[in-house]
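All ligand and atom numbering here is 1-based and tracks the order in the structure. None of these values were measured; they are calculated from a predicted model.
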Amino acid sequence: MCGIVGYIGRREAMPVLLEGLHRLEYRGYDSAGIAVVYRGKLQVTKTAGRVQDLRDRVNDKIKSNVGVGHTRWATHGEPNEINAHPHLDAEGHIAVVHNGIIENAEQLRAQLTTAGVNLVSDTDTEALAHLIAGELRTGGGSLEDAVCRTLSRVEGTYGLLVIDVRHPDELVVARNGSPIVLGLGESEMFVASDVAALVRHTQQVVYLDDGEVATVRANGYQTRTLDNQRTSKEPTTVEADDGDYELGAYEDYMRKEIHEQPEALRRVLRGRLEDRFATARLGGINLDPRELRSVRRVKFLGCGSAYYAGQMGAVLVEELARVPADAEPASEFRYRNPVVDPDTLYIAISQSGETLDTLMAVQELKRKGGQVLGAVNVVGSAIARECGRGVFLHAGPEIAVASTKALTNMAASFALLGVLLGRVRDMSAAEGARLVDGLRALPGQIEQILAQEDNIATIAGQFAGADHMFYIGRVRAWPVAREGAQKLKEISYVHAEAYQASELKHGPLALIDASMPSVVLVPDDELFAKNISTIEQIKARGGPVIAVTSGDLPADLADAVIKVPHNTPELDPILLTIPLQMFAYHTAAKLGRDIDKPRNLAKSVTVE
Ligand code: AGP
């Protein structure tokens with residue numbers, strides 16, 4: 001969703017800001033804007049279009065060493081040029097870019113209007129620009145002081161970046177619930193809402209905490225809390241570098257990320273497989289064997305694909321550790337006054353670490369004394385920081401809206417957790433060794449699946465004309481079916497519905513005819529024969545079937561077959577997921593969709 005960039009230092013700010021905004025495009029946005037200080041004035045350029053349009057509009061003659069930029073996802077007011085950020089105060093001294101939502105915006109806007117201020121946009125952010133200017137006028141002090149006094153009147157979430165044309169040697173930033181990261185350079189500093197915007201320039205970063213404010217100058221920064229306590233921050237080195245954000249030889253990020261899965265999986269397993277004791281090592285969860293044994297239940301919380309990964313995790317944990325486990329959408333959990341059990345281990349799952357619903361679920365859990373771990377990809381993100389401990393997914397930057405490699409690493413992490421919880425209980429060393437071997441085999445097996453891309457693309461081409469599809473799985477493969485249907489819907493806009501194989505005859509079988517293809521998941525496990533009979537039932541009603549299997553199916557049973565290697569049955573679901581990503585990708589490609597940026601969706605959902 002919205003993105004923030006800022007620069008102060010020795011180079012020309014404009015190209016740095018535009019490049020930073022370009023890097024944030026993947027998050028989804030509807031308008032963009034930029035403000036730099038030039039000859040004692042703020043020079044503002046905005047567009048209700050793309051960053052390229054902004055690039056075309058800026059005046060190349062403007063040379064400046066300090067500025068701010070923004071990509072906006074409309075919340076208050078429609079996506080047009082006036083509502084695009086930056087927003088200025090009445091005199092044009094202060095420019096503000098803002099991510100998040102100011103909940104008392106209406107009240108603040110009304111107060112400003114009563115005081116005679118003419119608000120030109122419909123946004124909550126514009127109110128902040130006027131309020132900061134007012135605080136400077138009436139209360140004096142530094143820009144930082146005025147920002148702090150303003151924020152003490154504000155309810156809501158913000159990542160905020162402010163510039164004052166009268167003090168072009170500093171930027172002021174603040175954070176509450178919406179990420180802000182500072183990039184440390186040589187006689188220059190960068191500000192962003194996402195490290196993607198600054199890794200090209202530096203890998204040394206400082207993440208602000210909620211309630212923290214910083215004044216950033218070319219030669220450094222200082223931080224404090226809103227109530228004026230100085231804080232000290234340790235810089236962190238970002239794992240990713242600029243190359244991780246490049247497309248390279250790929251036509252889009254989703255295909256690139258699908259093909260990065262073997263390497264991403266090797267990273268998430270590195271150092272976490274313990275052959276000597278046939279178990280897994282997850283240092284970040286910070287639980288000793290006694291504490292692990294006292295876990296009575298595991299509950300996974302996430303949204304969208306992260307929720308489906310949680311469902312895969314619940315099946316794994318229950319099966320491997322014999323600990324009751326389930327998954328629930330964090331977006332529902334946060335609204336239903338959940339009973340929080342101190343003996344349950346809650347796992348908050350998120351690629352971005354910014355999904356508001358998941359963050360709110362974590363905060364609710366913490367308020368009620370629940371023990372919550374994060375399973376998060378982005379280090380330094382809000383959910384990772386709120387949880388304080390957990391499992392980093394090490395999938396590398398995921399740019400495409402459709403999650404692929406992060407989901408695979410989520411499922412693999414939950415397999416590690418299942419082994420760890422299992423081995424402090426009744427799982428034998430032999431069983432532990434079987435799973436450790438199975439996990440180690442996964443990256444190579446995924447490479448074998450990726451090598452079948454041409455075949456999967458051909459099958460996708462054969463079925464790309466369908467308006468609706470079923471995804472059928474049972475038990476271990478049921479979350480895989482849900483995730484497969486989600487991928488198809490998301491990027492191809494073909495309606496897809498996942499069903500448990502066992503439930504077909506209780507209703508949805510009525511929908512089966514020649515126009516309703518079904519993707520049926522047939523792992524080579526104890527339910528293999530049952531799944532074959534599911535295919536026969538569909539075929540008997542004239543329904544086309546694409547079977548995805550790790551077993552040997554009778555010849556001519558299905559209309560198309562995608563084979564995956566056989567691992568241990570508990571881990572087969574991870575392998576079955578990969579062809580479904582490729583099938584969705586090639587269906588969307590065949591239909592000419594904008595695969596990386598599907599309509600109406602954003603990469604991280606940071607608003608309600
Ligand atoms: C996945 O393909 C989707 N884009 C979406 O469901 C996503 O998984 C969900 O919004 C959660 O995102 P998160 O993992 O960043 O929290």
Which residue and non-hydrogen atom of the protein lie closest to [atom], and at what distance in Å?
| atom | answer |
| --- | --- |
| atom 10 (O) of ligand 1 | Val605 CG2, 4.2 Å |
| atom 8 (O) of ligand 1 | Ser305 N, 3.2 Å |
| atom 14 (O) of ligand 1 | Gln351 N, 2.7 Å |
| atom 6 (O) of ligand 1 | Gln486 NE2, 2.9 Å |
| atom 15 (O) of ligand 1 | Ser352 OG, 2.6 Å |
| atom 16 (O) of ligand 1 | Thr355 OG1, 2.4 Å |
| atom 11 (C) of ligand 1 | Cys303 O, 3.2 Å |

Would Thr577 and Lys487 satisfy side chain to side chain donor-acceptor pair (under 3.5 Å), going step by step from the backbone distance to the final call? CA-CA 10 Å; Thr577 304; Lys487 282 288 93 85; over 6 Å; no
Centre of Tyr493's six-membered ring, under 6.0 Å away, within 45 degrees of the axis: is that where NZ or CZ of Arg599 sits?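 Verdict for Tyr493: a cation-pi partner in Arg599.
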Please could you name the atoms of ligand 1 that [X] approaches to less than 4.0 Å, counting only its heavy atoms?
| X | result |
| --- | --- |
| Ala402 | 2 (O) |
| Ala306 | 8 (O), 14 (O) |
| Gly304 | 6 (O) |
| Ser403 | 1 (C), 2 (O) |

Between Glu354 and ligand 1, which part of the residue brings a heavy atom under 4.0 Å of the ligand: side chain, backbone, both or neither?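 It is neither; nothing of Glu354 touches ligand 1.
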Residue pair Thr157, Asn176: steps toward the side chain to side chain donor-acceptor pair (under 3.5 Å) verdict: CA-CA 5 Å; Thr157 56; Asn176 185 42; over 6 Å; no
Should Asn409 and Asn377 count as side-chain neighbours, where that means a heavy-atom distance under 4.5 Å?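 No, side chains not in contact.
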Report yes if some heavy atom in the side chain of Pro179 is under 4.5 Å from a heavy atom in the side chain of Glu354; otherwise report no.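 Counting from C-beta outward, Pro179 and Glu354 do come under 4.5 Å.
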Residue-ligand contact Val401/ligand 1, heavy atom below 4.0 Å: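 Yes.
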Does at least one non-hydrogen atom of Ser604 fall below 4.0 angstrom from an atom of ligand 1?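 Per 4.0 Å heavy-atom rule, Ser604 does not contact ligand 1.
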State whether the shortest distance between N or O atoms of Glu490 and N or O atoms of ligand 1 falls below 3.5 angstrom.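 Glu490 vs ligand 1: N/O contact under 3.5 Å present.
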Is the count of non-hydrogen atoms from other residues, nucleotides or ligands lying under 6.0 Å from Glu332 atom CD greater than 12?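 Counting neighbours around CD of Glu332, 12 or fewer heavy atoms of other residues, nucleotides or ligands fall under 6.0 Å, so no.
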Other residues, nucleotides and ligands only: do more than 12 of their heavy atoms fall within 6.0 Å of OH on Tyr346?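 Check passes, neighbour count above 12.
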Looking at Gln261, Gln581, Gln351, Glu260, which hits side chain to side chain donor-acceptor pair (under 3.5 Å) with Lys405?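 Among Gln261, Gln581, Gln351, Glu260, the one that satisfies the side chain to side chain donor-acceptor pair (under 3.5 Å) with Lys405 is Glu260.
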Between the main-chain N or O of Ala602 and the side-chain N or O of Tyr29, is there a donor-acceptor pair closer than 3.5 Å?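 Here the side-chain-to-backbone pair does not exist.
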Sub-6.0 Å ring centroid separation between Tyr158 and His98: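 Here the rings of His98 and Tyr158 have centres that are no less than 6.0 Å from each other.
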